[in-house]
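These notes concern the structure reproduced below.
Since this is a predicted model, take the numbers as computed values, not measurements.
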Amino acid sequence: MTGDHQTPALLLFSGFVAVTLGITTWVSRNRRGSAEEFYAGGRLFSPMENGFAIAGDYMSAASFLGISGLIALFGYDGLLYSVGFLVAWLVVLFLVAELVRNCGRFTLADVVAARMSERPVRIATGTSSVTVSVLYLVAQMVGAGTLVALLLGGDGEAAQAWTVIGVGALMVVYVSLGGMRATTWIQIVKAVLLMGGAIALTVLVLVRFHGDFDQLLRAAADRSGHGGAFLAPGLKYGGDWSARFDFISLGLALVLGTAGLPHILSRFYTVPTALAARRSVVWAIGLIGGFYLMTIVLGFGAAAIVGPEAVRGSNAAGNTAVPLLALDLGGGADSTGGTVLFAIVAAIAFATILAVVAGITLASSASVAHDLYASLRRKRSKPRCEVAVARTAAVGIGMVAIALGLLARDLNVAFLVGLAFAVAASANLPVLLYSLFWRNFTTRGAVWSVYGGLVPSVVLVLLSPVVSGSADSLFPGVDFQFFPLQNPGLVSIPLGFLAGWLGSVTSAEPPDEAKYAETEVRSLTGAGAV
């Protein structure tokens, strides 16, 4: 891209960063410094505010950049991400939101530890939560680097690396100074910006095709080079048996993973009651549903207007489809309209990344301090001490995410998020559902459930084509690939549930009937909820 594109985009980047830093500074001056303030924002947000914040937390770079890119490159098969990400919220609405708000305080471990021996359960669930969060953070870092590489014409590897480092530094500042209150307001601002940008681009695409979605699909199919196959299943996940099983595995991970994401679960504690948590989810579903419908239009619009070859030429994984589409819709690379629209979309995408990494970092640092640190200390830690540890943990998590983001910068961001969802569905969801609904669940079952899903999912990813054995792998020069699927969910999710059951039925410790009864009453009525 030329300097004409760089200048307005960088100005808009700087403007959003200035606004968010201003919010963080304002909040840091008015905070009470308590654990409830840092982790949950004082539980003072309304359902609408929290609904916008949840949507802002969930609509990540994977949604805006990755999904549209996959649809532009693979047509129908890319739709799985849009459908899976949206359908997952039905699981959250009906099985998780109210019950988690009633049973927990700050993290997933609070819900599980209410019935079990706290220390082993908190260590297991804290480890799992940090792993999921880091995987999710890597996707956002890759998205940030991709945007800057596009802005600099694809020749800015050094600038791409510095961008990843800069995003990591900013997220540490947001979390350390502002906590949940600042993070929530940043999410709300970002959700409004993202919805506005997506609506504008969707309207422009439909206007280009005179409001005829059928004409848009035909044009996309013709430009794709695949004809009718572009609009049918199988272009990415068809062919041999491993590709089809990969399709099923990815679908399971997307639908079940949302309910186990730490940064989503932590948002239910920012409202005063379980009813408010449920209403927050209803608001979020409305916003998220509308957004994912628009990603379908944007993906096929990029295929029809920009063309898959141009998208692939800019970024092999398709992460630049939406910015390139905005450039074309505005009038082309040499037009003022194209320059302005490209700059706006790039700035919105960058804002999306900054906001999401703040939420994820806060959730993971809370797990480190509230679960791991508090469990490993012999004496119960003071809330202020926990908060100090959480701020320190944010720095360490940021450094790990930066390193992995630089390593994985050539992978599709939606695909990377799919891996995070698989780990969340394998390690976090089984232990959460067992804790809420199975009276015979024990401490051993909880620990086995977490590690029985976490270890296989991570190991299978390391032994999959994602890491080695193909030209698109993280390490294309070596081959230690033993697992044929790119997403481990089909194997690791059942293993998580199986390990939880096996650990409980073989445990010498009898299940605590009284604690289960207390948890059941508390989850359904809110009696005794914090």
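Between the Asp246 side chain and the Gln486 main chain, a donor and an acceptor come within less than 3.5 Å of each other. Here the side chain of Ser249 pairs a donor or acceptor atom with the backbone of Gly489 at under 3.5 angstrom. The backbone N or O of Ala274 sits nowhere less than 3.5 Å from a side-chain atom of Arg101 that would complete a donor-acceptor pair. Remark: the backbone N or O of Met48 is not paired with any side-chain donor or acceptor of Arg279 at under 3.5 angstrom. A donor-acceptor distance shorter than 3.5 angstrom exists from the side chain of Ser133 to the backbone of Ser129, with no hydrogens or angles considered. Under the 3.5 Å distance criterion, the side-chain polar atoms of Arg267 are left unmatched by any main-chain donor or acceptor of Asp57. The closest donor-acceptor contact from the side chain of Ser464 to the backbone of Val461 lies under 3.5 Å. Between the side chain of Asp110 and the backbone N or O of Thr107, at least one donor-acceptor pair lies under 3.5 Å. Side-chain N or O atoms of Lys190 include one that pairs as donor or acceptor with a backbone N or O of Met59 at under 3.5 Å. No donor-acceptor pair closer than 3.5 Å links the side chain of Ser82 to the backbone N or O of Gly78.
Rounding to the nearest 0.5 angstrom, the gap separating the CD1 atom in Ile305 from the CG atom in Leu327 is 12.0 Å. Leu261 contributes atom CG, which lies 4.5 Å from atom CZ of Phe421 (distance to the nearest 0.5 angstrom). Note that CG of Leu324 is 12.0 Å distant from OG of Ser68, once rounded to the nearest 0.5 Å. Residue Ile288 holds its CD1 atom at 12.0 Å from CG of Leu293, rounded to the nearest 0.5 Å. Taking CG from Leu137 and OG1 from Thr361, the interatomic distance works out to 4.5 Å, rounded to the nearest 0.5 Å. Separating the OG atom in Ser224 from the CG atom in Leu235 is a distance of 7.5 Å, to the nearest 0.5 Å.
Classified by interplanar angle (parallel below 30°, tilted 30° to 60°, perpendicular above 60°), the ring pair Trp283/Phe52 is tilted.
The residues Asp222 and Arg218 are annotated as not salt-bridged, no charged nitrogen and carboxylate oxygen being separated by less than 4.0 angstrom. Arg312 and Glu309 are joined by a salt bridge, as a carboxylate oxygen and a charged side-chain nitrogen come within less than 4.0 angstrom of each other.
The shortest side-chain heavy-atom distance between Gln187 and Thr183 falls under the 4.5 Å cut-off. Inter-residue side-chain proximity for Val111 and Leu432 is flagged as met; some heavy-atom pair is nearer than 4.5 Å. Taking 4.5 Å as the limit, every side-chain heavy atom of Ser266 sits out of range of all side-chain heavy atoms of Leu362. Leu95 places none of its side-chain heavy atoms less than 4.5 Å from the side chain of Leu90. Counting heavy atoms from C-beta outward, Asn487 and Leu485 have side chains that stay 4.5 Å or more apart.
In terms of heavy-atom proximity, Leu44 sits nearest to Arg181 at CD1-NH2, 3.6 Å. Across Ile348 and Leu193, no two heavy atoms sit closer than the pair CD1-O, 3.5 Å. Here the closest heavy-atom approach between residue Ala55 and residue Ala284 is recorded as N-CB, 4.4 Å. Nearest heavy atoms, Ser457 versus Pro488: O-CG, 3.7 Å. The shortest heavy-atom contact between Gly260 and Asn428 is O-ND2, 2.8 Å. Nearest heavy-atom pair across Ala427 and Val431 is O-CG1, 3.7 Å.
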Inset, instruction - Would you sort out whether Leu79 and Tyr292 count as a side chain to side chain contact (heavy atoms under 4.5 Å, CB included), showing the intermediate values? - result: CA-CA 9 Å; Leu79 287 174; Tyr292 282 120; over 6 Å; no
Inset, instruction - Just do the side chain to side chain contact (heavy atoms under 4.5 Å, CB included) check on Trp89 and Ile264 with the steps written out, would you? - result: CA-CA 11 Å; Trp89 279 94; Ile264 296 298; 3.7 Å; yes
Inset, instruction - Check the pair Phe268, Arg278 against side chain to side chain contact (heavy atoms under 4.5 Å, CB included), reporting the backbone distance first and the verdict last. - result: CA-CA 9 Å; Phe268 300 138; Arg278 185 180 183 87; over 6 Å; no
Legend entry - Candidate pair Met195 and Phe291, rule side chain to side chain contact (heavy atoms under 4.5 Å, CB included), full reasoning: CA-CA 7 Å; Met195 289 297 292; Phe291 176 77; 3.8 Å; yes
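More than 12 heavy atoms of other residues, nucleotides or ligands lie within 6.0 Å of CZ in Phe497, so this atom counts as buried by the packing criterion.
Ring-centre distance between Phe230 and Tyr76: not below the 6.0 Å cut-off.
Between the side chains of Tyr136 and Ser364, no donor-acceptor pair of N or O atoms lies under 3.5 Å.
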